[in-house]
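Worksheet for the structure shown next.
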Amino acid sequence: MSPPILFINRIDWLVVVDFAAIGYDLYLIDHLGLASYSTPMIDKSVNNISAAVADIQSGSVVLSSGFGDAGAPVDLLEALIETDAENLTIVSNNAGEGNYGLAALIAAGKVSRVICSYPISAGSVVFQDCYQAGEITLEVVPQGTLSERMRAAGAGIGGFFTPTSAGTELGKSKECRKISGVEHVFEYPLKGDIALIRATRADRWGNIVYDKSARNFGPVMAMAATLTIVQVDEIVDLGKLNPELIITPGIFVDRVFVHNG
Amino acid sequence: MSPPILFINRIDWLVVVDFAAIGYDLYLIDHLGLASYSTPMIDKSVNNISAAVADIQSGSVVLSSGFGDAGAPVDLLEALIETDAENLTIVSNNAGEGNYGLAALIAAGKVSRVICSYPISAGSVVFQDCYQAGEITLEVVPQGTLSERMRAAGAGIGGFFTPTSAGTELGKSKECRKISGVEHVFEYPLKGDIALIRATRADRWGNIVYDKSARNFGPVMAMAATLTIVQVDEIVDLGKLNPELIITPGIFVDRVFVHNG
Amino acid sequence: MTAVLEKIGLTRPQVAWRIAQEIDEGSYVNLGIGSPEMVANYVSTNREIVFHSENGILGMGEAPAPGQEDGNLINAGKKPVTLLPGGSYFSHTDSFVMIRGGHIDVCVLGAYQVAKNGDLANWATLDTSKPPGVGGAMDLAVGAKRIFVMMDHCTKTGKPKLMNKCTYPLTGSRVVRTVFTDLAVIDVTEDSFVVREITAGISFEELQEKTDAVLTLSENWQTLAPPDV
Amino acid sequence: MTAVLEKIGLTRPQVAWRIAQEIDEGSYVNLGIGSPEMVANYVSTNREIVFHSENGILGMGEAPAPGQEDGNLINAGKKPVTLLPGGSYFSHTDSFVMIRGGHIDVCVLGAYQVAKNGDLANWATLDTSKPPGVGGAMDLAVGAKRIFVMMDHCTKTGKPKLMNKCTYPLTGSRVVRTVFTDLAVIDVTEDSFVVREITAGISFEELQEKTDAVLTLSENWQTLAPPDV
């Protein structure tokens, strides 16, 4: 029977190996002192909504899913109000409606910049007031370009040429190029520090399923942010989601919070 | 009761309107003399495989789905052998195996150019022989770039910068740009005249469902070609496919052929 | 027909009806928010047209019965809709692949102005007191195979909207195929407006007076007299 | 341990075992075709690792039992595999979004050569008699968060593969994080090879002799003595 061998295999990991005793498995004791054998599974679920958003930093670029109310992560946005994070940039199709969700976050003075396609819905009074008061800056991006810029960020594309906005006010300060006889403008990736997403069901690996047209910006935002947090109605057992129907695989998801769960 | 009004509303359509008799519907009699009321539904199914590929022209760029055998449109490729089309460019991940499907099409002398990522699988003897004999030219494209170039064609993107192949032989003749400190190369869209795709199920609108990892290049090729022809195992009634699970919506599909159907 | 002929200028439902006649069986169609949505009402049930909504729906059906609304099933105008058999859901990204990639056969949009070269102005006025908003208009303008514009021939104050050159900010350059107004159906060619149909009761001279750009009358022009829808 | 120590140089399964120890719980991992596939055999069942296959699979499981093969469920090497609970299927395009977009935590690739600056050569030899083929190697090289190379320290004819500069065509520039050979575990820093572990029975001097580039020995270097897997 061989003795344990002790070696450092990463600067912050202490590894103890006793091959004979554990059948070639490792007991990993990380620098926080937590033994990994106490969490032998991937589990991205978070029980507490405050914990789900606690580490979002001031100045973050926050991608927020939804088209109007459909797919909007209302609870996650409202949970952000209670954190210390401020000076946020919100990327979303709209700029909030009524006085809940994104509108509530804006009303709480947490948002300094909005990047969106359509901030002038009838109900977006809070945003429009803050905009008129000069408290929020606005970047208007065509809806398809907004989506494609986030996809580029998620897909490792450095930038792309699109005909959308060529020859218009929104394209006038951009690099232009005629390709196959059509004028295009160059667009850069739009990456988020955080994505807040609303979906229907998840499993502990973070696989995500949406409902009908509430899917909208969820899939692209999940892939475009460094940290992706998803609000769902339900977490089901691993293997219960149809593998053909998982729209956002867990590789794009970091945390899953069950709304009212 | 108003009389019929006759007018030309497109140069090649003759339109007869009798509002009172037909409740504001139109009887459309097209320039081929076929009355459209005899086909009052969208039906993309084609019963005869020869008919499915009959109008493919010589010199066409043909996108052919599949990764190895999984998802390869073997019957459609073999049906092409019997047509007059020659001098074809085939875009596919591999260059055919054995002596069936793509390899059979190559062996029949129909293919003058292959654009693919990996033509050197153990079984791709037919291609390799033709390549050595100088009968086929080859453009090797990294697998992700191949997929992304087709997506750009389908998505109306004029071109994109990718870090893939920067600093390598495959990137050396391409426009380079450093973005966020990383070297990128510029890639153009890769559009097909025809896409030949293998899938599992379809409905008469051309909605498509795939099976497991045979999905691979099907979705992107369907969107990247002018004419998309899909070989499926089964056509089901409209409404039988789960609308959340339709991977390729019928908007990208022109013809559906049931294999052995 | 007499009831129709006595009326000068079409109603919006009549314009919507006229546009519906222009849409082929099997077309994939995106209808802009507002008046263009009316076009769906005049596509007959024995002609299958697949309606696309930019928020991720193909095969969109009519509004649900009261009480059957689903907040997760809405159209681009954020109103509840239904899904027809054969319909499908997809992401915004894929939706704009369809739009930008030229897969939508027809898009019907409203407009502030259209110029004789096909320039479209429909996203911003010259009023800078409120924030701008573009939505999907610019993507639709460049992407759809055919852009139909549905609008009144003149503004409420009688100013022309069919222009020699747009004075409002552009949505897209050289994108409009055909303009359907209360007074006429006008095709946009290389660099001129060609009148294909004139509403019954209107003369070409009257139409020209209400138009900023010079109009050409098609050899095959027709009188347009839709039913009293 | 004596059996292990007597042997000079690790077996390929031992190198695969060593790499497996380097992969954290919960990682998303792509294994290159060939020897790197062996790494999956040494990821213990009580550590969840999600394997990615470039042809559209996450949560790939081991080979099916004989007779249970499904031609539509294959890995990047076109061999039959299975799907674990929690696994998913997606298109090639989405698969390369994962790869190019930096979502894969670790990719293990074979190589002809690695240079001290991290340059990787693993797609083409200097033999031009057969057609070239790159597959997904260049995408993986630039996209994965960490590129591990699994290779013999020298060629079959004894020539070094850890180079001052690659002489074979590059797959990617400055992309390799760590090289695992039969003789050592070597990290690639800004512009040098730092030896972190040396296989039991090998001296640093011997290692240097078998390496084209100059090696640096880490202060915390260890002897590597894997089990006899």
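Everything numeric in this text was worked out from a predicted model, so none of it was measured.
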- [ ] Classify the side-chain pair B/N93/B/S117 by whether it contains a donor and acceptor separated by less than 3.5 Å.
- [x]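 Short answer, yes.
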Open item on the list: Counting heavy-atom pairs under 4.5 Å with chain B, which one of A/T162, A/T164, A/V182, A/I157 comes out on top?
Closed with: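 It is A/I157.
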Task: Side chain, backbone, both or neither of A/Y210 within contact of chain B (heavy atoms, under 4.5 Å) - done: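 The answer is the backbone of A/Y210.
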Open item on the list: Only pairs of heavy atoms separated by less than 4.5 Å count here; which of B/I247, B/V209, B/L245 has the most with chain A?
Closed with: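 Winner by heavy-atom pair count: B/L245.
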Open item on the list: Between B/S65 (side chain only) and B/G218 (backbone N and O only), is there a donor and an acceptor less than 3.5 Å apart?
Closed with: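 Between the backbone of B/G218 and the side chain of B/S65 there is no qualifying donor-acceptor contact (under 3.5 Å).
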- [ ] Give a yes or no on whether the backbone of A/T137 and the side-chain of A/R113 come within a donor-acceptor separation of less than 3.5 Å.
- [x]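 Looks like no, no N/O pair under 3.5 Å.
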Open item on the list: With a 4.5 angstrom heavy-atom cut-off, is it the side chain or the backbone of B/E187 that approaches chain A, or both, or neither?
Closed with: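 Interface part for B/E187: neither.
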Task: Side chain / backbone / both / neither for B/D211 at chain A, heavy atoms under 4.5 Å - done: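 Both backbone and side chain.
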Task: A/E244 and B/R201 ion-paired at < 4.0 Å - done: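 Not counted as a salt bridge, because no side-chain N and carboxylate O are separated by less than 4.0 Å.
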TODO: Could you tell me whether A/R177 and B/E175 have a side-chain N and a carboxylate O separated by less than 4.0 Å?
DONE: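 Looking at B/E175 together with A/R177, the answer is yes, because their closest N to O distance falls below 4.0 Å.
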